[in-house]
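Since the structure comes first, as structure tokens, the remarks are kept for the end.
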Amino acid sequence: AQKWGGGGGTRTRSGGWAEPRPAQEVAGGRVGGNPCGTLILLRHGQTEVQSGTSFIGWSDPELNKEGEMATAEAAQSILAAGYTFDVVYTSVLKRAVRTTWMLMQHMGKVYLPVWKHWRLNERCYGGLTAQPVDELKRTYGEATVASWRRAFDVQPPPFSAGSRWNPSNDPRYERWQDRRGKMRPV
């Protein structure tokens, strides 16, 4: 399960991974008398940017060969376990979209509806996006960088207006028109 990026099983109390079980094995396959479905969470494949060396966030690196191979393995494992999909949800980041496309292709499910939304993106690191972690630690200190990385109540520095990662500069993050017909960024 770990080679899928931790999305193929559940975390045990000892920190290991338990393989997913079909819905029929979970509480008799029923919730409130109705058949329950199975939610499968799959993280995107490995990318060209090594995790841990920079704040990846909303930067948009491509999948690398290992990420593509892991996606194919995940598809085969999901099929071998007897799972199928009715609908798929993904973020708008190309690493997640490509992982979704590849997974659906390997599973023979390219016809399924795929819903994309920016709210499923990885955490946004603002002005830290694509910045080297080691350099930021030297500049701001390890404790500050750790709080930006892991705390939910601490906001990282904002994007600069001209940043290529700033959502205001990217059409994927435009919202529907407001009542006056103006497009509003996320």
Side-chain angles (χ1 to χ4, degrees), residues 2-8 11 39-72 74-75 85 87-105 110 112-186:
Q2 202 153 5
K3 65 185 167 195
W4 307 359
R11 199 82 161 163
L39 174 65
I40 297 176
L41 300 174
L42 182 70
R43 190 169 189 260
H44 62 78
Q46 187 178 359
T47 63
E48 294 173 350
V49 177
Q50 189 66 358
S51 180
T53 60
S54 66
F55 282 91
I56 297 173
W58 285 19
S59 68
D60 223 0
E62 291 284 351
L63 293 178
N64 62 18
K65 292 293 180 199
E66 290 85 9
E68 292 175 2
M69 291 186 327
T71 301
F85 297 121
V87 65
V88 179
Y89 297 89
T90 188
S91 78
V92 297
L93 296 170
K94 65 184 166 190
R95 60 187 180 259
V97 172
R98 289 208 4 105
T99 298
T100 300
W101 288 347
M102 292 172 62
L103 187 76
M104 298 291 88
Q105 184 176 14
V110 295
L112 286 177
V114 176
W115 298 89
K116 298 181 202 110
H117 201 283
W118 67 268
R119 290 186 187 265
L120 295 173
N121 283 9
E122 187 170 328
R123 183 175 181 177
C124 181
Y125 289 110
L128 304 176
T129 301
Q131 299 295 315
V133 172
D134 290 339
E135 186 178 308
L136 292 167
K137 284 179 182 176
R138 282 191 297 276
T139 304
Y140 298 102
E142 208 159 316
T144 301
V145 172
S147 72
W148 284 334
R149 205 166 200 179
R150 300 291 177 231
F152 290 104
D153 59 343
V154 178
Q155 278 194 320
F159 286 106
S160 63
S163 169
R164 69 187 259 199
W165 309 118
N166 188 331
S168 298
N169 301 328
D170 191 328
R172 289 179 290 186
Y173 303 110
E174 287 181 351
R175 298 182 86 171
W176 290 269
Q177 291 183 358
D178 65 14
R179 292 180 185 185
R180 295 169 297 205
K182 288 181 70 177
M183 294 299 284
R184 293 183 9 197
V186 171

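- Sequence neighbours left out, the pairs with a member in residues 90-104 that pass salt bridge (Lys or Arg N to Asp or Glu O under 4.0 Å) are E62-K94, E62-R98, E68-R98, R95-E122.
- Partners of T100 by side chain to side chain donor-acceptor pair (under 3.5 Å), not counting sequence neighbours, listed by chain and number: T90.
- Shown here are the side chain to side chain donor-acceptor pair (under 3.5 Å) partners of T129, two or more places apart in sequence or in another chain: there are none.
- Taking P132 as the reference, E135 meet the side-chain contact (heavy atoms from CB on, under 4.5 Å) condition, with sequence neighbours excluded.
- By the side chain to side chain donor-acceptor pair (under 3.5 Å) test, Q155 is found to be paired with no residue, residues two or more places apart in sequence or in another chain being considered.
- With sequence neighbours left out, F85 forms a ring-ring contact (aromatic ring centres under 6.0 Å, His included) with no residue at all.
- The closest side-chain heavy-atom distance from V49 to S59 is not below 4.5 Å.
- With hydrogens and angles ignored, the 3.5 Å screen pairs no side-chain donor or acceptor of R149 with any backbone N or O of F55.
- The side chain to side chain donor-acceptor pair (under 3.5 Å) check on N169 picks up nothing, with sequence neighbours excluded.
- Residues that satisfy the side-chain contact (heavy atoms from CB on, under 4.5 Å) test with S163, not counting sequence neighbours, are F159, S160, W165, N166.
- Residue L42 comes nearest to T99 through the heavy atom pair CD2-CG2, 4.4 Å, listed as atom of the first residue, atom of the second, then distance.
- Rounded to the nearest 0.5 angstrom, L103 CG and T71 OG1 are separated by 7.0 Å.
- Using cut-offs of 30° and 60° for the angle between ring planes, the W118 and Y173 rings count as perpendicular.
- For T144 against S147, the heavy-atom pair with the smallest separation is O-OG, 2.7 Å.
- E48 CD to I56 CD1: the interatomic distance, rounded to the nearest 0.5 Å, is 11.0 Å.
- Atom OG of residue S91 and atom NE2 of residue H117 lie 11.5 Å apart, to the nearest 0.5 angstrom.
- Interatomic distance, CG of L112 versus CE of M104, reported as 6.0 Å (0.5 Å rounding).
- Side-chain contact between D60 and R172 is present, with heavy atoms from C-beta onward closer than 4.5 Å.
- The local environment of CZ in R164 is sparse, with at most 12 non-hydrogen atoms from other residues, nucleotides or ligands closer than 6.0 Å.
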